[in-house]
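Below: the structure, in structure tokens.
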Amino acid sequence: MALVSMKEMLAKANEGHYAVGNFDVFNIEMVTGVIDAAEETRSPIILAFGGEFEKLADIGDIGAYIRSAAGRASVPVTLHLDHATEFSLVMRALKAGFTSVMVDASFKSLEDNIATTQEIVKICREYGVSVEAELGHVGGLGFYDEDQDTECYTVVEEAARFVKETGIDALAVAIGTVHGVYKREPKLNINRLHELKEALQMPLVLHGGSGLSDEDLTRCVANGINKINIFTDLTLAAMDQMKADADTGLNYLGKCTNVRDAVHKVARDRMQVLRSAGKA
Ligand code: 13P
């Protein structure tokens, strides 16, 4: 199946009241593990690559690999650039055939976030590529401190203006999640999420989806989240598997294959909780 745009994938999720898993991946084990899980559960998926991953893999090379794997897959796949804070990275993703981009100017003032996002929307439209942007602050990327999260929730009136002036396809909201491993039990502001969905009536995105309970994820989906970003949970499963296999005498190929299968299991579980299973 050919790659699909995020806009098209999330419009269906919005209509059907489920969320698509956005899995951040940077190597063959992660890409194939997630695709295997999507095939098994018949889920649409978003495979995302972040600028930080360029330390390991060239965006053009991994983009070509994912495009080829998506072409063989029997489920819809979106190839997404996560957290672009630089224009040059967006251009590299567009040239590599990504079908979706997240511009992250959430650390800027509202005015500057709008202006930066408008610029990215304009260029992405020329390529027929969907755009996600963020308003408010999801912690864990160094922009803000998790202990001050109440200051950082997305404000409904600002979100309405932001969406109207930028024309984005999906909005990442801040309701108390953080990237990485939670230092304390997450407390989500579901009420704010509900208000945002009522006001915006569009696909909403939740970053920091790892480490949330099934109940929290289910409440987020029930209140309007249509895309949930998961990275840390995949990496923890991969590293646990590597530790378990460390002294087994298994060769490197065997260990990497087991990592793929560990990623598959976590991704499969999340697809079921997000209710994307059976929607491909
Ligand atoms: P986690 O660190 O919770 O997996 O979040 C990933 C994410 O939101 C990437 O954009």
Side-chain angles (χ1 to χ4, degrees), residues 6 10 19-27 30-31 33-34 37 45-56 59 62 66 78-86 89-90 93 98 100-107 120 130-146 149 152-154 168-188 193 203-214 216-217 219-221 225-240 262-263 265-271 273-274:
M6 179 183 70
L10 294 191
V20 177
N22 168 118
F23 299 96
D24 290 89
V25 292
F26 54 67
N27 62 20
M30 298 177 92
V31 173
V34 174
I45 42 162
I46 296 168
L47 290 171
F49 184 82
E52 196 189 338
F53 302 161
E54 286 189 299
K55 286 178 202 155
L56 179 70
I59 191 169
I62 192 112
I66 294 176
T78 287
L79 174 54
H80 178 72
L81 175 67
D82 205 7
H83 289 287
T85 53
E86 287 165 42
L89 174 60
V90 173
F98 280 52
S100 173
V101 161
M102 181 216 181
V103 47
D104 185 357
S106 63
F107 52 95
I120 301 297
S130 318
V131 180
E132 170 191 337
E134 179 172 317
L135 193 62
H137 303 289
V138 176
L141 290 182
F143 302 136
Y144 102 111
D145 178 358
E146 162 177 0
D149 58 358
C152 301
Y153 296 146
T154 308
I168 51 167
D169 303 299
L171 179 71
V173 295
I175 56 162
T177 55
V178 299
H179 296 93
V181 176
Y182 284 86
K183 288 193 262 172
R184 58 186 165 77
E185 205 184 319
K187 283 204 179 51
L188 305 188
L193 171 60
L204 299 181
V205 180
L206 189 72
H207 284 244
S210 296
L212 295 181
S213 64
D214 289 359
D216 273 344
L217 287 172
R219 285 194 306 150
C220 288
V221 175
I225 292 290
N226 303 114
K227 170 179 181 285
I228 298 193
N229 287 22
I230 296 167
F231 172 60
T232 303
D233 278 348
L234 302 183
T235 63
L236 294 178
M239 289 192 294
D240 282 350
V263 167
K265 277 191 204 127
V266 175
R268 176 180 61 200
D269 177 69
R270 300 296 86 186
M271 288 168 193
V273 176
L274 305 189

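Both counts, for ligands and for their atoms, begin at 1 and track the order of listing.
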Do [X] and [Y] come close enough that some side-chain heavy atom pair is under 4.5 Å?
X      : Y      : value
Tyr182 : Leu212 : yes
Leu193 : Leu206 : no
His80  : Lys227 : yes

key: Results of salt bridge (charged side-chain N to carboxylate O under 4.0 Å, His left out) for Asp269 - residues two or more places apart only   =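 Counting only residues at least two positions away or on another chain, Asp269 forms no salt bridge (charged side-chain N to carboxylate O under 4.0 Å, His left out).
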request  = Name all residues meeting the side chain to side chain donor-acceptor pair (under 3.5 Å) criterion together with Asp216; count only those two or more places apart in sequence or in a different chain, and write none if there are none.
outcome  =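 Here the qualifying residues are Arg219.
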request  = With sequence neighbours left out, write down each residue that passes ring pair (Phe, Tyr, Trp, His ring centres under 6.0 Å) with His207, or none if nothing qualifies.
outcome  =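 In terms of ring pair (Phe, Tyr, Trp, His ring centres under 6.0 Å), with neighbours along the sequence ignored, His207 is linked to His83, His179.
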key: Neighbouring residues of ligand 1, heavy-atom cut-off under 4.0 Å   =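 Its neighbours under 4.0 Å (heavy atoms only) are Asp24, Asp82, His83, Val178, His179, Gly180, His207, Gly208, Gly209, Ser210, Asn229, Ile230, Phe231, Thr232, given by chain and number.
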